[in-house]
Amino acid sequence: MVSTPAPEQPQPQYATHDVTNQAPPLAPYDASADAALMEGLLREGAGWAEDGIRRLGLRAGSAEAQEWGEQANRFEPELRTHDRYGNRIDEVDFHPSWHHLMRTAVAEGLAGAPWADDRPGAHVARSAGGLVWGHTEAGHGCPTSMTYAAVPALRAQPELAKVYEPLLTSREYDPGLRVPTEKRGLLAGMGMTEKQGGSDVRTNTTAATPTTEPGVYTLRGHKWFTSAPMCDVFLVLAQAPGGLSCFLVPRVLPDGSRNTFRIQRLKDKLGNRSNASCEPEFDGTVAWLVGPEGRGVKTIIEMVNCTRLDCVMSSAALMRKTLVEAGHHARHRSAFGARLVDQPLMRNVLADLALESEAATTLTLRLAGAADRAVRGDAGEQTFRRIATAVGKYWVTKRGPAFTAEALECLGGNGYVEESGMPRHYREAPLLSIWEGSGNVNALDVLRALGREPATVEALFAELAAAQGADARLDAAVTRLKDRLTEADQTGARRLVELMALTLQASLLVRYAPTAVADAFCATRLGGDWGHSFGTLPGGADLDAILERALPDHN
């Protein structure tokens, strides 16, 4: 008997797996779609770079570049101390995505290129580029920042600068350890801190012994935090017979042999994991003196000013990136019958974050403008930069962790999983308040400037005076600041620097931002009409205007 086959059963639809009410991928997007950024670029003298910044913003927000950032952190650098035959090589391998990021950053002038660019605003354009390219990932910003900062320090030794500066300012990324002068472009790193002292570099014990060749020394010691060990050259502090001095240490010597640079280990860091930070050992390591013996700190001070500006820039970029992520989620996620972006409380949170982000971006570009004009001989801007960079470094980087935590919370549980990218941003945020001097170090630096360089106080108040009479709350805060200066001491240093930062940010917003932004900032940050967390703007704040400016496509 032939049986009749049973009719084919329909396949189950797995209705429980239908995905609804989730935000689509953010990428591609335009990382330069930021009114505060583009207005600041024009205002600070780099309008000629606008087309390039917009092009870079589109590339930063592309799906490809966003994937590079994710992969560079997922596949972390690997240390190889020896080759297969047992030869000491001390090399670090990076994922190809790291090299894609680096190649773009160097080509776009985010490393040493501005020092070879005579156009006014070149350093502003670089900072603006960092603000948009920082939307990819933060780790590769370390070697580009150090390369940028090394150039003015190296100029303390003109014969060395003549050899290395054209390569440090190149727009060509040429990885691999080879004789520096045979490469198309170079990267620079730093080896300042040691385990017994950290920021107190005067306690360094690495010894520098002169050789028979003038200006050439050998080093012996162990550095504690030296980032980007695959850079070509390093600026290092060591104790010479005449005191703490600055030295140039190449990884490969002119004869092609490897300089002694034994990498003991890579740091297992909280964040910034795409970037290799290491502990190198020097033992007979050949080094060239940069600047006079005993003047190491003075030689590197210009380098510190540059890297501190980059800390401010990177914090501002991280704020903007996480705000964009939070706004994107809120535009596409619904709860309790309405989109999150239309819920009054969420709008308050996003608007409050937008204020903080705009203040950070605006201050970053003002500091970059001061740096650019100082390089070109403006003594007043040099004096302002001296104190304002330390103030900005203290405050903006302090705001970063709280900001990224709040932005992450806007995504709820979705923001707490690695796939969202938000945990990576959150882990990155604390680094920027630690690198180039923690909060206390920068606050003390401000006190030093106040005590030893009275002209810095005059420069700061001249900047604040440009907004005098425009907002009563700002005027009152400036008066409070003047009163506090008479009793400045270590105990109250943080309160003093915080007030400096807030008055400086407020004065910039009062002058340059829309009324809704400036008014809300002054009411909350200076007027006290604010809570203790983001999302506590007063009832009179114009949330619609603030959000239209910060997230123009939120509808």
Side-chain angles (χ1 to χ4, degrees), residues 27 31 56-57 59-79 91-114 126-150 168-177 185-190 225-234 251 266-267 269-278 306-307 309-318 320-322 400 421 424-425 427-429 431-432 434-436:
L56 185 59
R59 189 167 190 188
S62 70
E64 179 182 50
Q66 292 296 306
E67 181 67 10
W68 289 344
E70 194 278 328
Q71 289 183 343
N73 283 271
R74 190 194 326 159
F75 302 103
E76 297 178 11
E78 295 183 354
L79 172 63
E91 293 194 3
V92 180
D93 291 335
F94 293 86
H95 188 269
S97 289
W98 167 271
H99 296 294
H100 294 322
L101 291 164
M102 286 295 301
R103 188 170 292 106
T104 301
V106 173
E108 294 291 342
L110 305 187
R126 176 187 175 272
S127 290
L131 286 167
V132 298
W133 190 243
H135 282 235
T136 56
E137 76 92 37
H140 77 290
C142 179
T144 57
S145 177
M146 293 186 298
T147 303
Y148 171 68
L168 291 169
T169 58
S170 169
R171 288 178 180 251
E172 291 199 54
Y173 175 59
D174 190 1
L177 295 179
L186 300 179
L187 296 174
M190 301 183 198
F225 260 99
T226 297
S227 283
M230 290 305 290
C231 286
D232 302 285
V233 296
F234 293 80
R251 286 293 312 267
L266 299 184
K267 295 292 193 180
K269 298 174 292 185
L270 169 68
N272 200 249
R273 298 184 72 89
S274 68
N275 175 45
S277 300
C278 75
C306 291
T307 49
L309 171 58
D310 279 5
C311 288
V312 181
M313 174 193 76
S314 296
S315 285
L318 192 59
R320 179 64 189 173
K321 167 64 171 175
T322 55
R424 168 159 60 91
H425 303 320
R427 289 192 297 268
E428 188 70 32
L431 169 66
L432 297 163
I434 296 171
W435 190 34
E436 290 309 326

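If you take CG on L56 and CD on E108, they are separated by 4.5 Å, rounding to the nearest 0.5 Å. Rounding to the nearest 0.5 angstrom, the gap separating the CE atom in M146 from the CD atom in E436 is 9.5 Å. Once rounded to the nearest 0.5 Å, the distance linking CG of N272 with CG of L431 reads 5.0 Å. Note: H425 NE2 to T322 OG1 = 7.0 Å, rounded to the nearest 0.5 Å. Interatomic distance, S315 OG to L432 CG, rounded to the nearest 0.5 Å: 4.0 Å. Here the CD-NE2 distance, from Q71 to H100, works out to 8.0 Å after rounding to the nearest 0.5 Å.
Between W435 and C142 there is a side-chain heavy-atom pair separated by less than 4.5 Å. Within the 4.5 Å cutoff, the side chain of F75 has no heavy atoms near those of the S97 side chain.
For T147 (side chain) and A188 (main-chain N/O), a donor-acceptor pair under 3.5 Å exists by modelled atom type. The closest donor-acceptor contact from the side chain of E172 to the backbone of G185 lies at 3.5 Å or more, if one exists at all. When atom types are taken as modelled, the side chain of R171 and the backbone of A107 share a donor-acceptor pair closer than 3.5 angstrom. Although no hydrogens or angles enter the test, the distance criterion places a donor-acceptor pair under 3.5 Å between the side chain of T144 and the main chain of G141. Counting only distance, with no hydrogens or angles, the side chain of K269 and the backbone of N275 share a donor-acceptor pair below 3.5 Å.
Residues satisfying the side chain to side chain contact (heavy atoms under 4.5 Å, CB included) test with R59, not counting sequence neighbours, are W68, T104, W133.
A salt bridge links R74 to E70: at least one charged side-chain nitrogen sits closer than 4.0 Å to a carboxylate oxygen. Here R126 pairs with D310 in a salt bridge; the nearest charged N to carboxylate O distance falls below 4.0 Å.
Nearest heavy atoms, Q66 versus K321: OE1-NZ, 2.9 Å. When every heavy atom of A276 is checked against every heavy atom of F94, the shortest pair comes out as CB-CZ, 4.0 Å. Annotation for P77 and V92: closest pair CB-CG1, 3.5 Å, computed over non-hydrogen atoms. The nearest pair of heavy atoms linking A317 to L131 is CB-O, 3.6 Å. The two atoms that bring A31 and A60 nearest to each other are CB-CB, 4.0 Å, heavy atoms only. The two atoms that bring L266 and C278 nearest to each other are CD2-CB, 3.8 Å, heavy atoms only.
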Please table the atom pairs, donor to acceptor, closer than 3.5 Å between any side-chain atom in residues 225-234 and protein atoms at least two apart or in another chain.
from	atom 1	to	atom 2	distance (Å)
S227	OG	S277	OG	3.0
D232	OD1	K183	NZ	2.5
D232	OD2	L187	N	2.9

Apply the test side-chain contact (heavy atoms from CB on, under 4.5 Å) to residues T136 and L101: give CA-CA distance (whole Å), side-chain angles for both, the deciding distance (0.1 Å), then the verdict. CA-CA 8 Å; T136 56; L101 291 164; 3.8 Å; yes
Just do the side-chain contact (heavy atoms from CB on, under 4.5 Å) check on L309 and S127 with the steps written out, would you? CA-CA 9 Å; L309 171 58; S127 290; 4.1 Å; yes
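Remark: the E137 side chain and the S274 side chain contain an N/O donor-acceptor pair separated by less than 3.5 Å.
No more than 12 heavy atoms of other residues, nucleotides or ligands shown are found within 6.0 angstrom of CD on E78.
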